[in-house]
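Below is one structure, written out as structure tokens, with a few remarks after it.
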There are 2 protein chains.
Amino acid sequence: MTTQQLTRNQGLVFDVLSHSDGPLSAYSILDKLRDSGFRAPLQVYRALDKLLEFGLVHRLESINAFVACAHPEEDCHAHGLTAFTICETCGKVTEFHDHVIEDRLKGFARDRNFKTGKTTIEIRGTCAGCA
Amino acid sequence: MTTQQLTRNQGLVFDVLSHSDGPLSAYSILDKLRDSGFRAPLQVYRALDKLLEFGLVHRLESINAFVACAHPEEDCHAHGLTAFTICETCGKVTEFHDHVIEDRLKGFARDRNFKTGKTTIEIRGTCAGCA
DNA sequence: GCAATTGATGTAATAACATTACATTCATAT
DNA sequence: ATATGAATGTAATGTTATTACATCAATTGC
């Protein structure tokens, strides 16, 4: 998935997220896109749904916000599990992938015949710069 | 923390969660407590805040809902990291603790001088019974 | 005893996040 | 050219959470 084949709305939303310092809520994205013609939350949510599907954007469940993927040129879904640190002071988000954790969770699920869908791993705290 | 020293509202909310089959939203808790005199969301949220603090209740970030801790007699905070599987079909939630994952996340955070606050691990999918 | 403080409660209003419903437009594949 | 599926526009509504302010209850220090 390259950012070339995005629709206008998807492109605008991805652009806003890519150029943002930190995660943004759907409504702050909407505000930033008023001048580009956005008028309703659904325009943002629809674009976000697609971007999430493409693996270009991640949703941070614990703060109801969205970030651009750290490596949008590759397919993030292919990296397996994605985890995040979220600085509660400056908002900085760091994305990482850990195969040990992934295997461990997979094992846990398999042992219980639990069919894994989406997995969320988010560490909230204070980043090095803000400590 | 035993459930003895809870206030009336905290006790009522904990009771509803303890006797529930699955996770409940704050507003469904409110509905279940109308007859006990609850009239506003804040009564629920305030009780939940305390119960979370006491480790008697967990918040499921990915579904905006709350569950009673699986072992309220012990202090859940003492077990370290808590992770969950959440069945999207029947709502069943299973709580578990994994030291390998915990150590791995701790290591990641330490390497980056990230001071860890609350960590969320939630696996959404389909449980054995619903597969 | 009785202020002073602290924690819990009651209530209303509002803010923040997300979806449903329905009409329309666009792309493209026959 | 037209049928189809995807994307869009807009309004209304639903769901989750917080702010603000008044009151009440328990505890502490004097």
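Residue numbers start from 1 in every chain, and the chains themselves are labelled A, B, ... in the order their sequence lines are given, proteins ahead of strands.
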- [ ] Summarise how protein sits on nucleotides 4-9 of chain D as a single string, 5' to 3': B when a protein heavy atom is under 4.0 Å from the base, S for sugar-phosphate-only contact, - for no contact.
- [x] ---SBB
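Toward the 5' end of DNA chain C, the nearer of the two residues B:Pro41 and A:Ser28, judged by each one's closest nucleotide, is B:Pro41.
Between B:Asp31 atom CG and D:dT15 atom C1' the separation is 12 Å, expressed in whole Å.
Remark: B:Tyr45 is in phosphate contact with D:dA17, judged by side-chain N or O atoms under 4.0 Å from OP1 or OP2. The phosphate of D:dT16 has neither OP1 nor OP2 within less than 4.0 Å of any side-chain N or O from A:Asn64.
By the 6.0 Å and 45° rule, B:Arg104 does not stack over the aromatic ring of B:Phe108.
In this model, a donor atom of one side chain and an acceptor atom of the other lie less than 3.5 Å apart for A:Thr120 and B:Arg124.
Heavy-atom neighbours of A:Asp111 CG from other residues, nucleotides or ligands within 6.0 Å: above the threshold of 12. Shown here is A:Arg112, whose CZ atom has more than 12 heavy atoms of other residues, nucleotides or ligands within 6.0 Å.
The backbone N or O of A:Glu61 lies less than 3.5 Å from a partner atom in the side chain of A:Glu122, making a donor-acceptor pair. Checking side-chain atoms of A:Gln43 against main-chain N and O of A:Asn9 turns up no donor-acceptor pair under 3.5 Å.
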Task: Evaluation steps, side chain to side chain contact (heavy atoms under 4.5 Å, CB included), between A:Leu17 and A:Leu24 - done: CA-CA 7 Å; A:Leu17 280 174; A:Leu24 295 174; 4.0 Å; yes
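Contacts between chain A and DNA chain C, taken as any atom within less than 4.0 angstrom of a protein heavy atom, begin and end at C:dC17 to C:dA21.
Side-chain atoms of A:Cys127 and A:Cys90, non-hydrogen and from C-beta on, do get closer than 4.5 Å to each other.
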